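Structure record follows, encoded as structure tokens.
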Amino acid sequence: MSDIYKSCPIIENDRYLLRFVSEEDTDDLSEVYSDKNALPFFNSDNCDGDNFYYPDRGRMAEAIRFWHSSYEKGWFVRWSVTDKAVSKVIGTIELFHRKAEDAFNEAGVLRVDVRSDYERSEVLRELFSLIIPPSYDLFECTQIITKIPVYAIERIDAAQKYGFRRSDSFLIGTHDNYAYNGYWTISKE
């Protein structure tokens with residue numbers, strides 16, 4: 001893998017800043033991960049039963065410590081997403097390079113978790129445009145996948161407009177061997 005696990009890059013545009021998640025994000029991220037309207041959009045496939053609902057600050061702090069530990073082990077990178085207009089963290093983006101024996105072997109897996117008021121096509125498209133282009137090189141992959149539930153109308157619109165295509169393939173869980181559906185893919189041009 002690239003040096004992503006030695007030095008996590010900061011990625012930004014005029015509106016959003018992506019930087020490695022920090023303990024200082026606990027309060028802002030508590031708003032995201034206790035938002036019951038955002039919860040149905042979080043991808044918890046193959047996450048050992050974690051549904052990413054953290055109803056209190058203590059549980060959120062514990063999750064951030066786990067994310068740091070996972071980064072140190074080279075499992076995944078989790079960026080905080082800051083909306084510069086309000087100087088507030090409004091979500092996270094996770095990415096990792098997947099090794100498995102299914103259709104998504106060697107793909108980059110993208111998880112985008114945002115507060116429910118940011119679950120809008122234009123926001124998600126802008127976040128895709130920030131994270132996807134550098135991710136092919138950062139995670140040494142030619143394909144990026146993301147899960148989108150059938151009811152996630154804004155997310156589907158954003159994905160289609162950005163160039164993702166719905167896949168009929170299943171992601172086979174490396175921990176639970178379960179076949180997960182609902183994945184969309186985009187490939188490096």
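Remember, it's a predicted structure, so these values are computed and weren't measured experimentally. Positions are given from 1, in the same order as the sequence printed here.
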Q) Taking all atoms of both residues into account, what is the closest heavy-atom pair of L29 and V21, and its distance? A) CD1-CG2, 3.7 Å
(Q) Closer than 3.5 angstrom, by distance alone: can the side chain of T146 be matched with the main-chain N or O of L110 as a donor-acceptor pair? (A) yes
Q | Main-chain N/O of N46 paired to D176 side chain as donor or acceptor, under 3.5 Å | A | no
Q | Cationic N near anionic O, under 4.0 Å, D27 to K88 | A | no
Q. Under 6.0 Å between ring centres, would you say that holds for Y180 and F170?
A. no
Q. Would you find a donor on one side and an acceptor on the other, under 3.5 Å apart, between the side chain of D35 and the backbone of S116?
A. yes
Q) If you count the non-hydrogen atoms of other residues, nucleotides and ligands that lie under 6.0 Å from CD in E122, is the total more than 12? A) yes
(Q) Looking at R155 and E119, is any side-chain nitrogen of the basic one under 4.0 Å from a carboxylate oxygen of the acidic one? (A) yes
(Q) Using only atom types and a distance under 3.5 Å, with no angle test, would you say the side chain of Y151 pairs donor to acceptor with the backbone of P40? (A) yes
(Q) Is the terminal nitrogen or CZ of R78 (NZ for Lys, CZ for Arg) located under 6.0 angstrom from the six-membered ring centre of W67 and within 45° of that ring's axis? (A) yes
Q: Report yes if the side chains of V32 and F42 come closer than 4.5 Å at any heavy-atom pair, otherwise no.
A: yes
(Q) Testing the basics here: between P55 and Y53, what is the closest heavy-atom pair and its distance to 0.1 Å? (A) CD-O, 3.5 Å
Q. Quick check: does any side chain N or O of H97 sit under 3.5 Å from a backbone N or O of W75, one acting as donor and the other as acceptor?
A. no
Q: Find out whether R166 and Y183 are in side-chain contact, i.e. whether some heavy atom of one side chain is under 4.5 Å from a heavy atom of the other.
A: no
**Q.** Any donor-acceptor N/O pair, S34 side chain to S30 backbone, under 3.5 Å
**A.** yes
Q: Answer whether the closest heavy-atom distance between the side chains of T142 and S187 falls below 4.5 Å.
A: no
Q: For the pair K84 (side chain) and L17 (backbone), establish whether a donor and an acceptor sit closer than 3.5 Å, ignoring hydrogens and angles.
A: no
Q: Indicate the atoms forming the closest heavy-atom contact of S80 with D25, along with that distance.
A: OG-OD2, 2.5 Å
Q.
For the backbone of Y16 and the side chain of N13, can you confirm whether one donor and one acceptor N or O come within less than 3.5 Å of each other?
A. yes
Q. Within the side chain of Y178, is there an N or O that forms a donor-acceptor pair under 3.5 Å with the backbone of I172?
A. no
Q. Quick one: which of I186, N43, V109 gives a side chain to side chain contact (heavy atoms under 4.5 Å, CB included) with I145?
A. V109
Q: Go through Y33 and T92 one step at a time and tell me if the side chain to side chain donor-acceptor pair (under 3.5 Å) criterion holds.
A: CA-CA 10 Å; Y33 289 98; T92 68; 2.5 Å; yes
**Q.** Y71 side-chain N/O to I4 backbone N/O, donor-acceptor pair under 3.5 Å
**A.** yes
(Q) Testing the basics here: between R125 and A158, what is the closest heavy-atom pair and its distance to 0.1 Å? (A) CG-O, 3.4 Å
Q: Rounded to the nearest 0.5 Å, what's the gap from CZ on F96 to OG on S135? Could you check?
A: 12.5 Å
Q: Return the minimal non-hydrogen interatomic distance between D45 and R111, and the atom names on each side.
A: O-NH2, 2.8 Å
Q. Less than 4.5 Å apart, any side-chain heavy atom of I11 and any of P134?
A. yes
